[in-house]
Amino acid sequence: MTSFTETEERQALRRAVAELGRKYGHEYTLKAARAGGHTPELWDEAGRLGYLGVNVPEEYGGGGGGIGDLAAVCEELGATGTGLLQMVVSPAICATIIARFGTAEQKGRWLPGFADGSLRMAFAITEPDAGSNSHRLTTTARRDGDGWVLNGRKVYISCVDESHSVLVVGRTEDAKTGKLKPVLFVVPTDTPGFSYHRIEMDIIAPDDQFQVFIDDVHLPAEALVGSEDAALMQLFAGLNPERIMAASYAIGMGRFALDKAVEYAKTRTVWKDPIGAHQAVAHPLAHAKVELELAKLMTQKAAALFDSGDDMAAGEAANMAKYAAGEAVVKAVDAAVQTHGGNGLASEYGLGALVAASRLSRIAPVSREMILNFISQFSLGLPKSY
């Protein structure tokens with residue numbers, strides 16, 4: 001029987017993470033972002049407390065939980081204004097793929113670092129000329145003795161400068177068919193031939209985006225993750241957690257904005273009553289609350305399906321959750337800014353910085369248009385449109 005109430009353990013996890021987030025606060029994140037810095041103190045403490053490794057198997061030092069637990073951590077940090085974008089990538093995508101498909105040596109080498117947060121791994125799939133079309137990826141791998149040589153370009157790769165390694169999606173030629181097939185490699189960021197350049201963004205956030213250049217990067221055989229012949233399945237196993245986590249990140253941001261707006265609406269008085277007494281102010285906030293809760297419920301469903309091993313159903317729900325959360329956070333932030341009036345764009349209140357950040361949730365890591373394509377084709381059975 002499906003339960004719509006989280007376990008006491010997960011609720012306790014939420015409370016503990018929220019307490020950590022409040023300890024640092026949104027001012028900590030904003031200060032780091034405006035200075036062009038990062039938030040390593042929060043990441044490191046969250047790692048030491050075990051929050052970043054709740055989904056890593058216990059035998060490797062993790063919490064032994066599922067993606068639903070990690071999503072709860074991500075959401076609660078976002079709800080205190082201290083969201084950690086790399087949670088969407090490092091412990092969610094990379095740790096999941098390695099835990100599921102890595103060799104015993106790879107699991108022993110990487111998973112303990114994911115468990116305590118001491119290891120950060122970026123994820124590189126997007127390319128300048130491929131966009132959402134993974135069939136047009138041009139990053140290629142060729143055999144070189146027992147190892148590999150990798151060449152290619154990647155773009156909009158998050159947090160490369162804070163990462164020890166990058167999980168790179170490339171392609172190699174199938175010896176039987178001659179067609180290119182996806183492969184996954186772990187590439188240390190200090191490998192000769194691997195370089196990156198920060199992309200200037202009009203987003204105030206402590207997490208940067210990068211172009212990545214891969215020029216004749218020589219890799220040992222053990223850099224290949226899992227099976228050379230099953231990388232497509234392995235890739236999809238990482239993309240469902242990515243969508244679930246992106247939804248949780250957006251929901252947390254929306255909750256933070258809404259909480260700020262509600263507090264302001266309760267205390268700001270212009271005529272004789274607090275502005276929250278007026279429906280023109282109250283209704284957009286109520287609407288935002290409804291949409292955030294609906295998005296959260298679908299995210300919890302997606303996580304439960306993924307953790308139960310139902311990847312196909314999880315894919316549908318994760319896409320729906322990502323879509324709903326992207327829409328909900330944009331509306332929540334917009335309503336919060338409008339509630340504050342001119343103060344909504346004053347640096348003192350910290351909401352202006354969320355406008356562009358929330359808008360990104362409609363684009364990354366998968367656009368709402370591609371999600372609608374997925375739903376049209378797989379959920380509704382309509383002809384493929386692209």
Side-chain angles (χ1 to χ4, degrees), residues 1-11 13-14 53-60 62-75 87-102 107 111 114 123 125 132 134 167 169 182 184 225-227 229-251 293-326 328 365-366 368 370-382 384:
M1 185 177 74
T2 301
S3 172
F4 293 97
T5 303
E6 290 186 327
T7 64
E8 175 53 39
E9 289 81 5
R10 187 176 294 174
Q11 292 178 48
L13 175 65
R14 284 184 179 274
V54 290
N55 63 316
V56 174
E58 289 185 78
E59 58 264 40
Y60 297 100
I67 200 67
D69 299 307
L70 190 67
V73 173
C74 185
E75 181 189 334
M87 283 194 69
V88 178
V89 177
S90 188
I93 302 175
C94 300
T96 295
I97 290 174
I98 291 172
R100 276 201 183 190
F101 301 105
K107 292 178 184 179
L111 291 181
F114 285 121
F123 178 68
I125 181 171
S132 297
S134 59
L167 183 60
V169 182
L184 303 175
V225 176
S227 168
D229 299 313
L232 189 61
M233 179 179 67
Q234 296 167 191
L235 178 59
F236 288 152
L239 295 183
N240 283 339
E242 177 187 51
R243 284 150 175 68
I244 292 167
M245 292 293 288
S248 297
Y249 185 85
I251 292 164
E293 287 297 325
L294 291 174
K296 180 175 179 176
L297 188 59
M298 181 54 79
T299 304
Q300 290 170 318
K301 176 181 179 179
L305 288 168
F306 181 82
D307 288 334
S308 73
D310 191 345
D311 285 347
M312 277 305 296
E316 179 185 59
N319 274 286
M320 289 181 173
K322 164 62 178 61
Y323 180 95
V366 58
R368 59 179 178 175
M370 287 306 296
I371 289 175
L372 292 175
N373 282 335
F374 178 93
I375 300 302
S376 298
Q377 182 182 348
F378 292 100
S379 301
L380 302 180
L382 295 172
K384 188 174 182 178

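Position 1 is the first residue of the sequence; numbering continues from there. Any value given below was found using the heavy atoms of this structure, including those in side chains, with hydrogens, waters and symmetry copies removed. The model shown is predicted, which means the values in this text are computed figures rather than measured ones.
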Residue set satisfying side-chain contact (heavy atoms from CB on, under 4.5 Å) with A72, at least two apart, ordered chain then number -> R10, R14

Closest non-hydrogen contact found for N55 with T96 is ND2-OG1, 4.0 Å

Q. Looking only at atom types and distance, does a side-chain atom of D69 sit under 3.5 Å from a main-chain N or O of G66, one as donor and one as acceptor?
A. yes

Are the side chains of I98 and F114 in contact, using a 4.5 Å heavy-atom criterion? yes

Rounded to the nearest 0.5 Å, the CZ atom of R243 sits from the CZ atom of F306 at a distance of 12.0 Å

In this structure, CG of L382 is separated from OG of S376 (nearest 0.5 Å) by 5.5 Å

| Can you find a heavy atom in the side chain of E75 that is under 4.5 Å from one in the side chain of Y249? | no

When rounded to the nearest 0.5 Å, the distance separating CD1 of I67 from CE of M245 is 5.5 Å

Checklist entry - Would you call M233 and D311 a side-chain contact if the rule is heavy atoms closer than 4.5 Å? => result no

With a 4.5 Å cut-off on side-chain heavy atoms, are V89 and C94 touching?
yes

Donor-acceptor contact present, side-chain N373 to main-chain K384, <3.5 Å: no

Smallest heavy-atom separation, A325 atom then I251 atom, equals CB-CG1, 3.9 Å

Is the backbone of S227 close enough, under 3.5 Å, to the side chain of Q234 for a donor and an acceptor to pair up by distance? yes

Note: T299 and S248 closest approach over all heavy atoms is CG2-OG, 3.5 Å

May I ask you to decide if S379's main-chain N or O and E316's side chain share a donor-acceptor pair within less than 3.5 Å?
no

Q. Could you walk me through whether I375 and Y323 pass the side-chain contact (heavy atoms from CB on, under 4.5 Å) check?
A. CA-CA 11 Å; I375 300 302; Y323 180 95; over 6 Å; no

A246 and V88 have their tightest heavy-atom pair at N-CG1, 4.1 Å

Is there a side-chain contact (heavy atoms from CB on, under 4.5 Å) between I97 and F236? Walk through the geometry before answering.
CA-CA 9 Å; I97 290 174; F236 288 152; over 6 Å; no

Smallest heavy-atom separation, A71 atom then I244 atom, equals CB-CG2, 4.1 Å

For G315, is there any backbone N or O sitting under 3.5 Å from a side-chain donor or acceptor partner on N319?
yes

| query | Hey, does the side chain of K322 reach the backbone of V366 with a donor-acceptor pair shorter than 3.5 angstrom? | reply | yes

Interatomic distance, CD@E293 vs NZ@K296, rounded to 0.5 Å, equals 5.5 Å

So CD1 of I93 and CG of L235: to nearest 0.5 Å the spacing works out to 9.0 Å

So NZ of K107 and CZ of F101: to nearest 0.5 Å the spacing works out to 10.0 Å

Heavy-atom nearest pair, L70 first then M87, reads CD1-CE, 3.5 Å

